[in-house]
Amino acid sequence: MGRGPSPLTQRLLLLLLRRAASAAPDKMPAVSKGDGMRGLAVFISDIRNCKSKEAEIKRINKELANIRSKFKGDKALDGYSKKKYVCKLLFIFLLGHDIDFGHMEAVNLLSSNKYTEKQIGYLFISVLVNSNSDLIRLINNGIKNDLTSRNPTFMNLALHCIANVGSREMAEAFAAEIPRILVAGSVIQLLAPLSAADQPIRAVVLVVLHHGQREGVVTAATSLITTLAQKSPDDFKTSVSLAVARLSRIVTSASIDLQDYTYYFVAAPWLSVKLLRLLQCYPPPEDAALRGRLTECLETILNKAQEPPKSKKVQHSNAKNAVLFEAISLIIHHDSEPTLLVRACNQLGQFLQHRETNLRYLALESMCTLASSEFSHEAVKTHIETVINALKTERDVSVRQRAVDLLYAMCDRSNAKQIVAEMLSYLETADYSIREEIVLKVAILAEKYAVDYTWYVDTILNLIRIAGDYVSDEVWYRVIQIVINRDDVQGYAAKTVFEALQAPACHENLVKVGGYILGEFGNLIAGDSRSSPLVQFNLLHSKFHLCSVPTRALLLSAYIKFINLFPEVKATIQEVLRSDSQLRNADVELQQRAVEYLRLSCIASTDILATVLEEMPPFPERESSILAKLKRKKGPGNLPDIDDTRRSVNGNTEHNNNNTETTAKVSSDLLALSPAPSAGASLLVDVFSESSAPAAADVYEDNFARFVCKNNGVLYENQLLQIGLKSEYRQNLGRMYVFYGNKTSTQFLSFTASVGSPDPLNTHILHPVDPTVDGGAQVQQILNIECLSDFTEAPVLNIQFRYGGTLQSIAVKLPIMLNKFFQPTEMMSQDFFQRWKQLGAPQQEVQKIFKAKHPMDTEVTKAKIIGFGAALLDGVDPNPANFVGAGVIHTKSTQVGCLLRLEPNTQAQMYRLTLRTSRDSVSQRLCDLLSEQF
Amino acid sequence: MQFMLLFSRQGKLRLQKWYVPLSDKEKKKITRELVQTVLARKPKMCSFLEWRDLKIVYKRYASLYFCCAIEDQDNELITLEIIHRYVELLDKYFGSVCELDIIFNFEKAYFILDEFLLGGEAQETSKKNVLKAIEQADLLQENIDFQMRLFAGNFGGKPNNPCCSIRSVALDVNSPPQGQQKQHPSNINTDFEVTGLLFSLISQPSCLK
């Protein structure tokens with residue numbers, strides 16, 4: 001910058017000079033600013049002078065009142081004041097206060113022809129105006145005016161606004177407009193948020209990528225192409241060779257070639273990253289020459305990483321490494337060049353010990369993906385000591401988390417014992433936030449790579465001992481499943497849990513596992529006098545009173561199993577069951593179990609007892625529920641799949657079934673011991689919300705008919721949930737706002753709502769609903785609907801959520817029917833009859849005679865016909881008592897003209913309805929719909 | 001990039017820019033959560049963290065945190081440099097920028113950001129070109145101002161750096177007459193640390209070349 005004195009001193013001097021020169025009192029700034037808004041600066045100073053939060057709020061309220069009165073006042077405000085007040089509102093908003101007015105004034109600024117006013121208007125809109133605001137139409141209008149204004153600065157502002165707001169509504173509104181401007185060539189802008197992959201855009205951006213001189217324009221265009229290529233890769237195939245050419249030019253350039261696009265001695269880092277990112281949309285190029293050139297580029301990038309840095313600045317190394325990491329991502333994505341993969345791995349290995357925390361973090365993250373490639377898995381494994389060390393010494397929890405991830409990813413049979421041991425020891429000191437995940441990972445690795453199952457059992461029991469609170473139900477279910485399925489480990493398991501239970505304080509999860517395993521396999525260790533049946537029972541029962549109800553229920557089941565296994569303790573156990581604390585337990589589940597088990601043990605013969613309480617049969621093989629849980633936790637993309645085809649516990653080959661959750665009710669068969677009532681078990685079963693979901697409920701359609709002639713109202717209501725609708729239709733398109741109201745005071749969890757629609761309808765959910773709905777809250781979902789051709793079947797809305805532990809499932813028929821795509825058509829009597837005659841073919845007419853269900857009121861009937869969507873034509877029918885209507889049904893494929901006539905007969909309380917359309921299915925459907933309304 | 005937030009060490013939001021349409025409620029919730037999370041982190045920790053299904057990249061410049069949310073596929077390091085380039089742009093425009101500049105000229109900070117990022121993507125990475133665009137816009141508005149004053153018959157002196165003087169105005173109001181830099185003047189809300197606010201975001205402007 002090369003100024004003389006430091007800018008700060010310079011400004012201080014200026015300040016003193018100004019102070020000396022101005023005779024103004026201390027509180028008020030004397031200077032009036034040309035461009036700045038003095039009022040705004042004064043206001044900001046005032047706010048900053050406030051000594052307390054209260055004073056600030058008071059000042060803000062005063063200002064809000066002032067602005068409100070100015071906006072409401074009779075005197076028209078000039079543009080400058082409007083701009084100033086809108087700016088103040090913006091500032092107040094940035095301070096964290098809600099702004100509920102002034103939007104209109106901001107929108108007005110859009111139509112100002114002064115640049116600064118327009119600019120502030122746009123700023124306000126992009127910061128403050130919501131996409132579903134009522135003003136969106138006005139805003140779009142303003143934008144449209146600017147787009148067509150031929151004033152490049154105004155066009156720029158408008159384009160900026162569209163790109164930055166990036167809402168679907170705006171994209172829809174201007175999708176057609178923008179390619180036109182683009183082709184006109186006057187302005188080239190980045191249009192990434194727009195999804196319109198039109199021909200002209202394609203041509204233009206590709207040309208830009210090829211010839212573009214200005215690096216900035218190419219940078220912008222690359223972003224656009226990447227977005228578009230993700231949507232339709234085939235259309236942009238040619239971009240691969242262009243990108244490689246560009247990349248190679250940048251990589252080989254001397255750092256000064258690109259002048260202003262060189263950033264701390266790195267040539268065009270942003271563009272390089274974007275190009276590498278674009279290439280990741282495609283497989284390795286098939287053309288050998290192109291492929292060679294790309295490999296060359298990647299090698300050069302890897303080589304550069306080894307060169308001594310050209311600058312000591314962190315910006316230099318960051319920019320250089322940003323390109324390097326993106327290149328490594330591409331290498332991993334291609335997963336086809338073993339040498340490059342191994343080189344990448346070595347490079348990352350160096351970063352693992354770099355002094356920059358950021359680099360260590362990224363190296364760990366990137367290596368995780370490298371570990372999943374067969375070419376580099378071994379190379380990654382060589383860094384195991386460093387990673388374990390990172391786990392122990394890193395001071396930043398997020399880095400440690402990455403280290404855990406990497407250990408998990410690099411684990412295989414050869415190093416499983418070491419890794420599991422390290423993770424277990426880390427678990428003792430791990431941050432609470434990541435404990436559960438580590439527990440899941442240890443459980444999975446222990447299962448997956450267990451050669452002998454005694455190790456597995458030991459590991460899981462250790463897990464429960466170290467971090468019992470973080471051991472989710474899935475984990476202990478799984479250990480029981482495995483013990484039951486493997487008879488070689490059962491004796492060991494029984495012995496180990498027995499020993500573990502001897503500890504003075506043990507975690508409840510251990511009691512659960514212990515209770516279950518001893519109940520099944522206690523006989524295997526009963527020979528030893530130190531673990532005789534009575535000792536086992538007393539040990540379990542000593543924990544009973546410290547446990548929660550579900551665990552107690554499980555223990556009761558273990559007791560009845562004991563009665564079967566060891567007749568000698570029958571009397572003792574019956575005594576326990578008979579005690580008041582069991583038989584009269586306040587908890588229904590416990591009481592019932594105690595009563596039933598007691599009766600069972602008294603009445604049933606030994607044979608029956610032995611049959612009923614037989615050892616549990618092996619569990620069917622399925623994807624580990626733990627793995628499913630971890631995937632849920634991490635989201636499908638994040639978890640490197642350790643290759644699932646390796647042998648699993650049960651000797652079967654487990655296939656990676658694409659994250660489909662097996663529908664088996666994992667735990668219900670585990671816990672619902674045959675004679676036990678299932679109510680208590682279901683308490684536990686509910687953990688598997690998705691898998692044990694009740695079959696879809698009947699589709700509710702009571703209110704369906706009410707919506708034939710109207711668009712808004714309450715669709716569904718029970719004691720928990722209310723569903724309200726607002727919808728609007730235009731031609732063959734519709735938009736429906738679905739409101740879900742939680743009527744209870746408790747949160748709904750895992751809330752999902754999906755729509756299954758028949759083929760002729762396209763429904764698209766704009767935003768997925770938040771999975772939790774707070775008590776008393778209402779959430780909104782927007783559906784876009786497109787009618788492709790005529791249809792009869794209505795879509796079904798499926799809602800699922802968990803309320804107080806139980807899964808609720810509701811299916812409601814959505815009132816989207818053919819007549820919603822009706823556009824009224826006004827016509828004269830003559831026209832009407834002419835068309836009526838044209839539609840005279842027998843299959844085009846559908847007629848129905850039916851009894852009135854409601855009082856026959858002319859006005860109501862008129863309203864219904866209009867609500868149905870047809871235009872009500874007066875003076876067409878010679879009989880004034882009759883109603884005649886006309887309209888057009890819009891579908892994507894065709895438009896169907898419709899004429900209708902309704903003849904009431906008040907004496908007989910009957911109607912005759914006649915529909916004539918050019919398509920028989922439409923006539924039939926409309927007649928069915930409308931005839932139900934009177 | 002999904003959004004960018006600028007906030008002070010005290011957790012005061014100075015600038016927010018959203019590239020995804022979200023409800024106000026959602027935005028507030030995210031902001032609150034993120035500001036807390038980031039402020040709780042220690043200086044030596046790494047600049048990236050996982051948050052929901054996004055990656056957060058943040059960096060502290062003097063009293064101000066710059067915090068960006070990017071998607072899973074995006075490059076963390078280059079985002080860090082996007083932040084730095086933005087700070088450089090601010091620095092060049094305001095001349096050794098500090099938090100006060102951004103408070104008083106928040107609209108300018110927005111305009112500069114808009115020239116640099118578009119729809120969450122870096123569109124023009126040349127410092128020269130971005131500043132040229134902003135200068136042109138300033139010229140445009142000064143012409144208008146000039147005309148306005150012509151109409152009003154007022155030919156007031158035109159200060160050379162508009163932004164600088166606004167801040168001076170603020171300082172006039174805020175601080176006692178002289179040598180006040182290092183003290184906390186009693187009439188200033190403790191919430192605003194004057195020293196922090198005045199620190200240039202980039203401590204050694206000369207190394208910026």
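Chain naming here is simple, since letters A, B, ... match the order of the sequence lines and numbering starts at 1 in each.
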With a 4.5 angstrom heavy-atom cut-off, could you sort out which part of [X] is near chain B: side chain, backbone, both or neither?
X	result
Ser126(A)	side chain
Arg395(A)	backbone
Glu365(A)	side chain
Leu94(A)	both
Leu359(A)	side chain

Heavy-atom contact with chain A under 4.5 Å, split by part of [X]:
X	value
Glu76(B)	side chain
Lys25(B)	neither
Lys42(B)	neither
Leu80(B)	side chain
Glu115(B)	both
Phe106(B)	side chain

### Query
Counting heavy-atom pairs under 4.5 Å to chain A, which of Met45(B), Glu81(B), Lys44(B) comes out on top?
Glu81(B)

### Task
Heavy atoms only, distances under 4.5 angstrom: which of Leu117(B), Thr79(B), Ile82(B), Asp74(B) has the most pairs with chain A? Name it, please.
Ile82(B)

## Note on the structure
Taken in chain and number order and not counting sequence neighbours, the residues that satisfy side-chain contact (heavy atoms from CB on, under 4.5 Å) with Lys118(A) are Tyr122(A), Asp146(A), Phe154(A), Leu157(A)

Give a yes-or-no answer on whether the side chains of [X] and [Y] include a donor-acceptor pair shorter than 3.5 Å.
X	Y	result
Gln280(A)	Glu326(A)	yes
Asp91(B)	Tyr86(B)	no
Tyr93(B)	Asn105(B)	no
Ser398(A)	Arg41(B)	yes
His84(B)	Gln315(A)	yes

#### Entry: Set of side-chain hydrogen bond (donor to acceptor under 3.5 Å, both in side chains) partners for Ser112(A), sequence neighbours left out
Glu117(A)

#### Entry: Exam field: side chain Thr262(A) to backbone Phe265(A), donor-acceptor pair closer than 3.5 Å
no

### Message
Taking every non-hydrogen pair under 4.5 Å, which of Val314(A), Val273(A), Asp396(A) racks up the most with chain B?
### Response
Asp396(A)

### Query
Between Trp270(A) and Tyr263(A), how do the two ring planes meet: parallel, tilted or perpendicular, split at 30° and 60°?
perpendicular

